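Written below as structure tokens is the structure these notes are about.
Every number for a ligand or one of its atoms is a count from 1 in the order of the listing. Here the structure is a predicted model, which means the values were calculated and not measured.
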Amino acid sequence: MSAAPSPALSDRLRSATSIVAFTGAGISAESGVPTFRGPEGIWAKFKPEELASMDAFIRNPALVWEWYAHRKKIIAGIRPNPGHDALARMEEIIPHCAVITQNIDNLHRRAGSRTVYELHGNIERNYCMKCGTAYGNDVVLGKPGVPECEQCGGLIRPDVVWFGEMLPEEEWDASIRAAEGADIFLSIGTSALVYPAASIPRVAKQSGAYLVEINPEPTPLTPLVDEFLQGPSGTILPLLCDELVRVRGVSTTGKQP
Ligand code: BV8
Ligand code: ZN
């Protein structure tokens, strides 16, 4: 286990035409977004099913909205970190680059990544459960208690995937296609516990990708990976991007000199 890319990875960085990143809450930890299962995890007090599920919302919409309003406020005040920035820079250099994220914080797009597949939705979006009308956070956070639809009075919910809910089909299909075509697949900052998302790195590996994991801790995926870069993604991803620039002899703007 090391934090620096091996010669085998440098070789692949030199020739890769497709690098795909699969990210979880860990990549946003250094931006100040609490992870789910860490000691400070946002689920430290509750179990996921007690908050991020339709049953929880029907049972106690005010508690679920209090939790999401709290997270929306945290996320509104944070910025992408060098890990997000490095992935956006890679997209300037490699023709086919994609980010498959489990995160709902929108930080990849804010860092400049353009091909981003959000498997679990986006906390900046909300919609009415009855008529589907879309609402931004400015509207829902301005209302006390559980926000109701201005069109039909229905309950408004965050546009995220709850436990027991299907993932968005288009994002899922695009993510599988990207994983199947990846030369290098990076699994970054995820405990690899939540399915079906956690099956995607395995699809990449089975399709011939060089599978790299970036995490300060080992996970259930670690035994399967070709390379485990142990450490925080905010440090490791910029180093990986510098190595990509070095072996391909490109300028940092991604353009050939
Ligand atoms: C579905 C959005 C079916 C909401 C989320 C039993 C076995 C297997 C599966 C199941 C099971 N029982 C139920 C299931 C299915 C269930 C599931 O997988 N449960 C798990 C808990 C066992 N999955 C579902 O319900 C999914 N839907 O299966 O539907 C279906 C089929 C047909 C018809 C209808 C339905 C839906 C799952 C989506 C749930 N929504 N989020 C919200 O955010 O509020 S999940 C949530 O947790 C996140 O989105 C994220 O995706 C997920 C995983 O968390 P991670 O991102 O990995 O974060 P975590 O804290 O766990 O780990 C952080 C990592 O970062 C750690 O490893 C840490 O070491 C590392 N780290 C820390 N600092 C850094 C770092 N890494 C790098 N740098 C650092 N600085
Ligand atoms: Zn409505």
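With Thr23 as the fixed residue, the side-chain hydrogen bond (donor to acceptor under 3.5 Å, both in side chains) test singles out one of His108, His84, Gln102: His108.
Around the Zn ion (ligand 2), protein N, O or S atoms at less than 2.8 Å comprise Cys128 SG, Cys131 SG, Cys149 SG, Cys152 SG.
In this view, Asn137 and Lys72, Asn126 satisfy the side-chain hydrogen bond (donor to acceptor under 3.5 Å, both in side chains) rule, not counting sequence neighbours.
In the candidate list Glu165, Met166, Glu217, Met166 is nearest to atom 31 (C) of ligand 1, counting heavy atoms. Here the shortest heavy-atom distance to atom 63 (C) of ligand 1, taken over Gly24, Pro158, Gly231, Gly189, belongs to Gly189.
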**Study point:** Criterion side-chain hydrogen bond (donor to acceptor under 3.5 Å, both in side chains) on Gln151 and Thr133, from CA distance to verdict
**Key:** CA-CA 8 Å; Gln151 310 299 326; Thr133 303; 5.2 Å; no
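For the 3.5 Å distance criterion, the side chains of Ser18 and Asp183 fail to qualify, holding no donor opposite an acceptor.
The pair Arg89-Glu92 does not count as a salt bridge, with every side-chain nitrogen at least 4.0 angstrom from each carboxylate oxygen. Note on Glu118 versus Arg125: salt bridge recorded, some NZ/NE/NH1/NH2 to OD/OE distance being below 4.0 Å.
Residue contact check: Tyr68 has heavy atoms under 4.0 Å from atoms 4 (C), 42 (C), 44 (O) of ligand 1. Listed by number with element, the atoms of ligand 1 under 4.0 angstrom from any heavy atom of Val194 are 18 (O), 37 (C), 47 (O), 52 (C), 53 (C). Those atoms of ligand 1 with a heavy atom of Trp162 less than 4.0 angstrom away are 36 (C). The ligand atoms of ligand 1 that sit less than 4.0 angstrom from a heavy atom of Ser191 are 57 (O), 59 (P), 61 (O), 62 (O), 64 (C), 67 (O). Of all atoms in ligand 1, numbered sequentially from 1 with element shown, those under 4.0 Å from a heavy atom of Glu30 are 78 (N), 79 (C), 80 (N). The Ala25 neighbourhood of ligand 1 comprises atoms 55 (P), 56 (O), 58 (O), with distances under 4.0 Å to a heavy atom of that residue.
No side-chain donor-acceptor contact under 3.5 Å links Asp105 to the backbone of Ile75. A donor-acceptor pair is defined here as one N or O able to donate and one able to accept, closer than 3.5 Å; no such pair exists between the side chain of Ser28 and the backbone of Ser31. A donor-acceptor pair under 3.5 Å is formed between the side chain of Arg202 and the backbone N or O of Ala198. Proximity of a side-chain donor or acceptor of Asn60 to a complementary backbone N or O of Leu63 within less than 3.5 Å is detected. Between the side chain of Tyr135 and the backbone N or O of Glu150 there is at least one donor-acceptor pair closer than 3.5 Å. Without hydrogens or angle criteria, Trp65 side chain to Phe57 main chain gives no donor-acceptor distance under 3.5 Å.
Assignment of Asn215 to the shell around ligand 1 is supported, since a heavy atom sits closer than 4.0 Å. At least one heavy atom of Gly164 sits less than 4.0 Å from an atom of ligand 1. Within the structure, the closest approach of Pro216 to ligand 1 falls below 4.0 Å when heavy atoms are considered.
Under the 6.0 Å distance and 45° angle rule, Arg157 counts as a cation-pi partner of Trp162.
With a heavy-atom cut-off of 4.0 Å, Arg71 touches ligand 1 through its side chain alone. If you look at Ile104 next to ligand 1, the close heavy atoms, those under 4.0 Å, all belong to the side chain. The part of Trp67 lying near ligand 1 is the side chain, judged by heavy-atom distances below 4.0 Å. Looking at Gln102 against ligand 1, both its backbone and its side chain come within 4.0 Å, counting heavy atoms.
When all heavy atoms of Ala178 and Val20 are compared, the closest pair comes out as O-CG2, 3.6 Å.
Taking distance alone, with nitrogen or oxygen atoms compared against 3.5 Å, Gly234 stays at or beyond that limit from ligand 1. The shortest N or O to N or O distance between Thr190 and ligand 1 is below 3.5 Å.
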